[in-house]
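One structure is given below, encoded as structure tokens.
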Amino acid sequence: MTRAAGRRAGPGAGPARALVVGAEAVLVEVGTAAEAAALHAEVLRRRAAGELGPVRDVVPAARTVLLDGVRDPGALAARITGWRVPPLAEEQGPLATVPVRYDGPDLADVARLWRVAEREVAEVVGSVVFRVAFCGFAPGFGYLTGLPERFHPPRRATPRTAVPAGSLALAGEYAGVYPRSSPGGWQLIGTTDAVLWDPRREPAALFAPGTRVRFEEAGA
Amino acid sequence: MSGTGGGLWMEVLRPGALTTLQDRGRPGHAHLGVPRSGALDAEALALANRLLGNRPDTAALETTLDGTALRACGPPGSGVVVAVTGAPCPVRVSGRPVAWGEPVRIPAGAELDVGRAASGVRSYVAVRGGFAVRPVLGSRSTDVLSGLGPPLPEAGTLLPVGPAGPDPVRGADALRVPAPPAELVLPLRPGPRADWFSPASLAALWRSPYRVSPESNRIGLRTEAGPRLLRSCGGELPSEGMVLGAVQVPPDGLPVVFLADHPVTGGYPVVGVVPPGPALDAAAQARPGVPVRFTAAGW
């Protein structure tokens, strides 16, 4: 039914599967968020080197990278499954430092979950170098990975109808900052004045996939 | 490009139910969470621009069911040339019927009334020179999902008209008025997650028609009243990239065909993809209640 190419050779060796999507796209699947980040970097590297042919959009996600607007998806899928994808170096990607005030309405709940004092939430978050895994939900909204598993909080039982722009929020394995006010069910721990999204700016998104992010306590 | 050309503009008198500016959209920014957007009936927009001698990426107004009304504004003796395509509808200039699907001159001060669609949903109101609002990320399309692009026109909104290009206005080229579609037939290329559904469900998908749901919009064509697709495996699908025409199946089992303003990633399995082209253009014109049938394509 679904045309797939490739077989997994071993951990970190390459894509698990490449699935043809419609007439002009390939969805490449890997096992983990780290492998998806490495695959995304490899796709960009090969595109820049002119090895891919025309590709309109490269869309990384949680465990996949979509290549949309390609000429022969079947042939490309077959090629990609033969790739060896080097793991991502820790310092690879631009670094954005974002000042945060730890004043979110869910700060106390998150501190309780983590079994730390409220003021220590800033230290936990500040010690992590996050990476923008992918964007979605709204222009400029990045899904940031890197928080150790014991700090992954669940989503709120009841989503808020309006989350203020600039809110630093956590849910499961992801952290994110709301670029504009929108509904949301993530745990709000702080606020930043950083401009996450400005279509007149180049680049428009502060958090583009592959960017590394450090949250620094404002005024600390 | 954002000037008013020869000082021409259109004043919105009646915006209509949902009227947006649309061009060919902003592909290439999906990795930043930016939908592609653009005219839902891409061929109708292309035709309107061809009739007027505009470049193919020129922005026009896309109306929804009940048209719109505009006034041509400019120096005495001037005027604008417009063409209305897409869903067939009555077109009047200062109350007098004029041709649909042909270039029509509107003198400064006169009113253009684009009436209720006789069939279909979306009409395109193009002006020679195009609507020269400020582009965002290379496009003048309004994206209803993420709010990018020009705001929705309101009564009193002034839309600047751009300078005409070198190509002349063309006559109507034996234009066929599209008949109201009795049925929407969508060729579906299975994958990437067709294997998430039971074989019996997939067989039913080809066999039984759905209906276009009134919940449909620029983001997706929702279906109702057809067989619900059942999953053959449990679990959650981590969010993954989605293409135009992707047919996603939410937990209720009723397929959603993603149109121009679709989100760039989604967390429900995509059973197949309808290729961009005439079938997706037709989806933009299918009214609620119209039967939808999926046919296998690309095997």
Side-chain angles (χ1 to χ4, degrees), chain A residues 1-4 17-29 32-33 36 40 43-44 55-69 73-74 77 132-143 173-174 179-180 182 197 199-200 202-210, chain B residues 26-37 134-139 143 145-149 187-197 199 202 232 236-247 258 263-267 269-277 280 296-299:
Chain A
M1 177 64 62
T2 301
R3 273 180 294 173
R17 289 203 297 171
L19 304 164
V20 170
V21 181
E24 51 175 35
V26 177
L27 185 70
V28 193
E29 201 175 24
T32 65
H40 177 236
V43 170
L44 295 187
V55 185
R56 187 178 53 235
D57 278 292
V58 176
V59 190
R63 304 284 182 267
T64 56
V65 178
L66 176 78
L67 290 86
D68 192 9
V132 182
F134 62 99
C135 291
F137 175 63
F141 184 88
Y143 289 77
E173 63 179 306
Y174 298 114
R180 58 177 184 146
S182 47
W197 173 255
R200 285 160 299 186
E202 181 56 48
L206 182 62
F207 291 175
Chain B
R26 46 182 73 85
H29 302 280
H31 62 291
L32 301 179
V34 174
R36 167 207 201 91
S37 263
R134 191 173 63 80
V136 175
L137 295 176
S139 167
D143 171 349
L145 179 69
S146 56
L148 285 183
L188 184 73
R189 192 170 174 145
R193 302 295 176 192
D195 56 355
W196 278 53
F197 299 94
L202 288 174
S232 55
E236 269 189 54
L237 182 73
S239 199
E240 60 188 25
M242 291 213 299
V243 301
L244 179 65
V247 178
F258 275 105
V264 299
T265 60
V270 169
V271 68
V273 178
V274 178
L280 272 193
W299 289 79

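Protein chains get the first letters and strands the later ones, always in sequence-line order, with residue 1 at the start of each. Note that the coordinates shown come from a computational prediction; the quantities given were computed from them, not determined experimentally. Atom set for the values below is all heavy atoms of this structure, side chains included, hydrogens, waters and symmetry mates excluded.
- When heavy atoms are compared at a cutoff of 4.5 Å, A:V58 approaches chain B solely by way of its backbone atoms N, CA, C and O.
- For a residue to count as touching a neighbouring chain, one of its non-hydrogen atoms must lie under 4.5 Å from one of that chain's; by this rule B:S146 touches chain A with backbone and side chain alike.
- The pair B:E236-A:R63 fails the salt-bridge criterion, with no side-chain N (NZ, NE, NH1 or NH2) lying under 4.0 Å from an Asp/Glu carboxylate O.
- For chain B, the nearby part of A:A138 is the backbone; its heavy atoms alone come within less than 4.5 Å.
- One finds the CD atom of B:E240 at 9.0 Å from the CE atom of B:M242 (value rounded to the nearest 0.5 Å).
- The distance from atom CZ of A:F137 to atom OG of A:S182, rounded to the nearest 0.5 Å, is 4.0 Å.
- If you measure heavy-atom distances from B:P263 to chain A, you find no contacts under 4.5 Å at all.
- Taking the six-membered ring for Trp, A:F134 and A:Y174 have ring centres closer than 6.0 Å.
- No other option in A:A23, A:G140, A:P139 has as many heavy-atom pairs under 4.5 Å with chain B as A:P139.
- In this structure, B:H29 and B:H31 have parallel ring planes: the angle between them is below the 30° cut-off, well short of the 60° mark.
- Between the side chain of B:R189 and the backbone N or O of B:A297 there is no donor-acceptor pair closer than 3.5 Å.
- Interface summary for chain A: among B:G245, B:G28, B:P276, B:P238, the most heavy-atom pairs under 4.5 angstrom belong to B:G28.
- No other option in B:D143, B:L148, B:V136 has as many heavy-atom pairs under 4.5 Å with chain A as B:L148.
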